[in-house]
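To start, the structure under review is shown below, and the notes come after it.
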Number of protein chains: 2
Amino acid sequence: MNPVKFYKCLADETRLKSLLLISEAGEACVCNLMDALQLDQPKTSRHLAELRKCEILQSERRGKWIYYKLHPDLPEWAREVILGTARSNADYFAKALQVLNTSINNGC
Amino acid sequence: MNPVKFYKCLADETRLKSLLLISEAGEACVCNLMDALQLDQPKTSRHLAELRKCEILQSERRGKWIYYKLHPDLPEWAREVILGTARSNADYFAKALQVLNTSINNGC
DNA sequence: AAAACATATATGATATTTCACATATGTGGA
DNA sequence: TCCACATATGTGAAATATCATATATGTTTT
């Protein structure tokens with residue numbers, strides 16, 4: 001994982017918040033993140049695809065939905081950056097996290 | 001320190017390497033970094049200025065030269081991101097660090 | 001079971017915005 | 001005045017948004 005490439009992925013509000021949310025929730029599908037971030041579907045999907053191409057996220061289809069989670073092979077230092085950022089900036093995505101949990105519980 | 005703003009600053013090779021080098025060396029002046037990164041002066045200066053405006057770096061003039069170091073008020077989580085990245089990616093900037101140390105010892 | 005329809009997600013094309021660089025010029029201290 | 005550094009401007013490249021459309025799965029109807 002090239003450090004600059006990694007940070008380029010974090011250098012966008014949609015992608016960073018998606019990562020922080022997924023790191024907290026464990027996993028989430030596109031529709032959950034659309035709700036949580038108040039974004040349209042193509043925008044959400046595109047940014048997730050970019051994170052997947054960089055191998056920061058891994059996707060898995062289960063039935064109709066596609067779930068995203070942190071990639072199991074993500075280097076430890078990179079994982080720590082994401083988790084540490086989440087721990088120290090809870091208020092930055094608190095509202096989105098609340099909506100995300102509601103969305104997950106309601107099953108999309 | 002807004003997380004996205006912070007990561008935007010790291011999402012560029014010149015800026016990221018400058019930060020990693022400065023975090024290792026403690027401080028460095030523009031001419032040292034020009035040597036280490038093989039860049040011209042305006043380019044080096046512009047990126048350092050951006051890091052200074054974001055309050056990731058602090059500058060101090062001592063005689064003819066201007067020295068940059070990590071900003072004392074940088075939030076702990078952000079400092080940890082930089083130090084952790086340096087620890088886990090030594091080979092990414094090893095060559096530049098070697099040149100930097102030579103440049104520092106030779107007094108620009 | 002097949003056809004028709006609905007839903008979730010991905011992607012192509014293009015317009016738009018953002019960003020980085022080169023060059024030139026400005027400024028402050030020795 | 002010279003040197004080290006900063007900044008302003010024009011320009012080309014790259015990232016992003018948006019709209020339309022494609023694909024894949026699930027559901028209902030007949």
Side-chain angles (χ1 to χ4, degrees), chain A residues 2-19 21-22 25 27-69 99-100 103-108, chain B residues 2 4-19 21-22 27-69 100 103-104 106-108:
Chain A
N2 174 282
V4 171
K5 191 174 151 200
F6 176 66
Y7 288 123
K8 274 185 199 290
C9 284
L10 305 205
D12 173 274
E13 183 168 6
T14 298
R15 290 194 298 271
L16 181 59
K17 279 195 176 165
S18 296
L19 282 175
L21 289 171
I22 288 171
E27 64 174 18
C29 67
V30 180
C31 54
N32 296 144
L33 292 165
M34 287 170 59
D35 288 352
L37 299 173
Q38 309 262 56
L39 298 174
D40 60 23
Q41 185 272 323
K43 182 169 174 176
T44 310
S45 178
R46 266 180 203 291
H47 284 292
L48 291 174
E50 196 176 333
L51 292 169
R52 171 165 39 82
K53 278 172 195 152
C54 292
E55 297 181 300
I56 296 175
L57 290 181
Q58 194 182 59
S59 68
E60 179 196 358
R61 179 185 282 274
R62 291 210 296 280
K64 193 155 47 171
W65 292 280
I66 295 186
Y67 291 85
Y68 284 87
K69 63 178 176 188
V99 179
L100 181 73
S103 172
I104 289 174
N105 291 333
N106 291 354
C108 265
Chain B
N2 174 283
V4 170
K5 193 175 150 198
F6 175 68
Y7 288 123
K8 274 185 198 290
C9 284
L10 305 204
D12 173 275
E13 184 169 5
T14 299
R15 290 194 296 272
L16 182 60
K17 280 195 176 165
S18 297
L19 281 175
L21 290 171
I22 289 171
E27 65 174 16
C29 67
V30 179
C31 52
N32 297 144
L33 292 165
M34 286 172 58
D35 287 352
L37 300 173
Q38 310 262 53
L39 299 173
D40 59 22
Q41 185 272 324
K43 182 169 173 177
T44 310
S45 178
R46 186 164 23 78
H47 284 293
L48 290 173
E50 196 174 333
L51 293 170
R52 172 164 39 81
K53 278 173 195 152
C54 292
E55 297 181 300
I56 296 176
L57 289 181
Q58 195 182 57
S59 69
E60 179 195 358
R61 180 186 282 274
R62 290 210 296 279
K64 195 155 45 173
W65 289 281
I66 295 184
Y67 291 86
Y68 285 87
K69 62 180 177 186
L100 182 72
S103 172
I104 289 175
N106 291 352
C108 266

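All figures in this text were calculated on a predicted structure; none of them were measured in a lab. Numbers restart at 1 for each chain; the letters A, B, ... are given by sequence-line order, proteins then strands.
- Counting only heavy atoms from C-beta outward, the side chains of A/Leu33 and A/Leu39 never approach each other to under 4.5 Å.
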| task | Give the intermediate values and the outcome of side-chain contact (heavy atoms from CB on, under 4.5 Å) for residues A/Leu100 and A/Asp35. | result | CA-CA 7 Å; A/Leu100 181 73; A/Asp35 288 352; over 6 Å; no

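- Atom NZ of A/Lys53 is separated from atom C1' of D/dT16 by 14 Å (rounded to the nearest Å).
- Atom NZ in B/Lys5 sits roughly 16 Å away from atom P in C/dT18 (whole-Å rounding).
- Atom NZ of B/Lys8 is separated from atom C1' of D/dA14 by 13 Å (rounded to the nearest Å).
- Proximity note for B/Arg15 (side chain, C-beta onward) versus C/dA10, C/dA20, C/dA8: the nearest is C/dA20.
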Can you list, pair by pair, the side-chain donor-acceptor contacts under 3.5 Å of residues 7-18 of chain B, counting residues two or more places apart and other chains?
{"unit_1": "B/Tyr7", "atom_1": "OH", "unit_2": "A/Thr85", "atom_2": "OG1", "d": "2.4"}
{"unit_1": "B/Lys8", "atom_1": "NZ", "unit_2": "A/Ala11", "atom_2": "O", "d": "3.3"}
{"unit_1": "B/Asp12", "atom_1": "OD1", "unit_2": "B/Thr14", "atom_2": "N", "d": "2.9"}
{"unit_1": "B/Asp12", "atom_1": "OD1", "unit_2": "B/Arg15", "atom_2": "N", "d": "3.1"}
{"unit_1": "B/Glu13", "atom_1": "OE2", "unit_2": "B/Lys17", "atom_2": "NZ", "d": "3.1"}
{"unit_1": "B/Arg15", "atom_1": "NE", "unit_2": "B/Cys9", "atom_2": "O", "d": "2.9"}
{"unit_1": "B/Arg15", "atom_1": "NH1", "unit_2": "B/His47", "atom_2": "ND1", "d": "3.1"}
{"unit_1": "B/Arg15", "atom_1": "NH1", "unit_2": "B/Glu50", "atom_2": "OE1", "d": "3.2"}
{"unit_1": "B/Arg15", "atom_1": "NH2", "unit_2": "B/Lys8", "atom_2": "O", "d": "3.1"}
{"unit_1": "B/Ser18", "atom_1": "OG", "unit_2": "B/Thr14", "atom_2": "O", "d": "2.7"}

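- Nucleotide D/dT18 holds its C1' atom 13 Å from the CG atom of A/Leu39, rounded to whole Å.
- Applying the side-chain contact (heavy atoms from CB on, under 4.5 Å) test to B/Glu60 and every residue at least two apart in sequence or in another chain returns B/Arg62.
- Put simply, CG on A/Asp40 and CZ on A/Arg46 are 10.0 Å apart, with the number rounded to the nearest 0.5 Å.
- Atom CD in B/Glu60 sits about 14 Å away from atom P in C/dG29, given to the nearest Å.
- Remark: C1' of D/dT16 and CG of A/Leu10 are 17 Å apart, rounded to the nearest angstrom.
- How far CG of B/Leu57 is from CD of B/Glu27: 11.5 Å, rounded to the nearest 0.5 Å.
- Between the CG atom of A/Leu21 and the CG atom of A/Leu37 there is a distance of 5.5 Å, given to the nearest 0.5 Å.
- Atom CD of B/Gln41 is separated from atom P of D/dT7 by 11 Å (rounded to the nearest Å).
- Contact record, A/Ile66 with A/Arg61: CD1-NH2, 3.8 Å, taken as the closest heavy-atom pair.
- Scanning both residues, A/Ala36 and A/Val99, for their nearest heavy atoms gives CA-CG1, 3.8 Å.
- Taken to the nearest 0.5 Å, the SG atom of B/Cys29 stands 10.0 Å off from the CE atom of B/Met34.
- Axis angle across the helix from C/dA1-D/dT30 to C/dA30-D/dT1, with five pairs used at each end and values rounded to 10°: 30°.
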Polar atom pairs (N or O), protein with nucleotides 23-26 of chain D, under 3.5 Å:
none

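- Scanning residues 42-51 of chain B for heavy-atom distances under 4.0 Å to DNA chain C yields B/Pro42, B/Lys43, B/Arg46, B/His47.
- Put simply, CD on A/Glu13 is 18 Å from P on C/dT17, counting in whole angstrom units.
- Among residues two or more places apart in sequence or in another chain, the side-chain contact (heavy atoms from CB on, under 4.5 Å) test is passed with A/Arg52 by A/Ala49, A/Ser59, A/Tyr68.
- Within 4.0 Å (heavy atoms only), B/Tyr67 reaches no atom of the nucleic acid at all.
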